[in-house]
Number of protein chains: 2
Amino acid sequence: MDEIDINILKLLQKNAKYSLEEIGEELKIPKSTVAYRIKRLESLGIIKGYYAQIDPNALNLDYVVISLIKAKYGKDYHVNLGSKLAELPGVWGVYFVLGEIDFIVMARYRNREEFMRNFLEKLMNMPEIERSNTQVVVKIIKESPNMVIW
Amino acid sequence: MDEIDINILKLLQKNAKYSLEEIGEELKIPKSTVAYRIKRLESLGIIKGYYAQIDPNALNLDYVVISLIKAKYGKDYHVNLGSKLAELPGVWGVYFVLGEIDFIVMARYRNREEFMRNFLEKLMNMPEIERSNTQVVVKIIKESPNMVIW
DNA sequence: TCTGAAATCAGAATGGT
DNA sequence: ACCATTCTGATTTCAGA
């Protein structure tokens, strides 16, 4: 992983559709070398894949919630709860943290009804949870989780 | 936006490298129609872009934090604080929420030192903040923010 | 709006350094 | 590991339905 690899990653994380030629021009190396480098980054698992980013808004997914969850203390409670939360429809992020809270859960729904049915009601029925505090997101100021290199 | 569009989006959000032919075969429509549909979804802004997914771990970004922030009450404090938080290096998500907390901030760093220097110290110097509570993520159980359609 | 065919262009493969 | 060239196949374009 040298400077060239880093620069290739920076470009591809911004736009996966840059052609080998464009990247080569930008970095002043031949396109066949760019191809060689990218293949290497892919096989090492540094580039995990390529995906299209779909506008959640276009699908009316504007009921965004973040839930702070405290688990009950007990054997396996944390492990089980983590995977149960991850499987809820609409949930895209589950983080296990230390402190007052045990889990932070990120989820997206189309409306309050869908949120209630797919998330809140199921949360209420999980015996592993001691308490939960769910925040409704009023405004997403920044959300660019693919940006890994600055 | 019909069933075909949804299916195209489902495929592309999973893997942007599917060829027009593969998609066409899967959905039983000619590849030129697939091209036509995708162009349309792009120009409508429903497909926001194509990105390489880079493994944060490969770059040693395993110091992951989530910060819960309460702003001081006052004119413009919230608006200003939101954009200041979004500009901190390492920050990829800033959510404005209602309730006890005002902002939830997601960030990634290589180590404690980098976190202290780029995040915590800068947070301490923001007069708009009343209090902050930063959680260190022990385990990322799920993180697939690009998955928008199930 | 959809589609088939043709033209163009980008990526994969090859082989030499 | 790097890079020029060749080859293959995917995407774009365009005209007709």
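Order of the sequence lines fixes the chain letters, A, B, ..., with proteins taken first and strands second; residue numbering starts at 1 for each chain.
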Legend entry - Side-chain-base donor-acceptor pair under 3.5 Å for A/S32 and D/dA4: yes
Take atom [atom1] of [X] and atom [atom2] of [N], then tell me their distance rounded to the nearest Å.
{"X": "B/L20", "N": "C/dG4", "atom1": "CG", "atom2": "P", "answer": "14 Å"}
{"X": "A/K17", "N": "C/dA10", "atom1": "NZ", "atom2": "P", "answer": "13 Å"}
{"X": "B/E42", "N": "D/dT11", "atom1": "CD", "atom2": "P", "answer": "11 Å"}
{"X": "A/I4", "N": "D/dC2", "atom1": "CD1", "atom2": "P", "answer": "7 Å"}
{"X": "B/E21", "N": "D/dT12", "atom1": "CD", "atom2": "C1'", "answer": "15 Å"}
{"X": "B/L41", "N": "C/dC2", "atom1": "CG", "atom2": "P", "answer": "11 Å"}
{"X": "B/R37", "N": "C/dC2", "atom1": "CZ", "atom2": "C1'", "answer": "9 Å"}
{"X": "B/I8", "N": "C/dC2", "atom1": "CD1", "atom2": "P", "answer": "10 Å"}

Inset, instruction - Name the orientation class of the two ring planes belonging to B/H78 and B/Y73 (parallel below 30°, tilted from 30 to 60°, perpendicular beyond 60°). - result: perpendicular
Inset, instruction - Check whether any side-chain heavy atom of B/V148 lies under 4.5 Å from a side-chain heavy atom of B/L9, and answer yes or no. - result: no
Is a side-chain donor or acceptor of [X] paired with a backbone partner of [Y] at a separation under 3.5 angstrom?
{"X": "B/K10", "Y": "B/I149", "value": "no"}
{"X": "A/N146", "Y": "A/Q13", "value": "yes"}
{"X": "A/R108", "Y": "B/P145", "value": "yes"}

Counting only side-chain N and O atoms of [X], is one of them less than 4.0 Å from OP1 or OP2 of [N]?
{"X": "B/S19", "N": "D/dA10", "answer": "no"}
{"X": "B/Y36", "N": "C/dT3", "answer": "no"}
{"X": "B/T33", "N": "C/dC2", "answer": "no"}

Inset, instruction - Would you indicate what B/K39 reaches in the nucleic acid, counting non-hydrogen atoms under 4.0 angstrom: base, sugar-phosphate, or nothing? - result: sugar-phosphate
Legend entry - Rounded distance (nearest 0.5 Å) linking atom OH of B/Y36 with atom CG of B/L41: 10.5 Å
Legend entry - Spatial distance of atom OG1 (B/T33) from atom NZ (B/K28) [nearest 0.5 Å]: 14.5 Å
Inset, instruction - Just report the end-to-end axis angle for the helix from C/dT1-D/dA17 to C/dT17-D/dA1, five pairs per end, to 10 degrees. - result: 30°
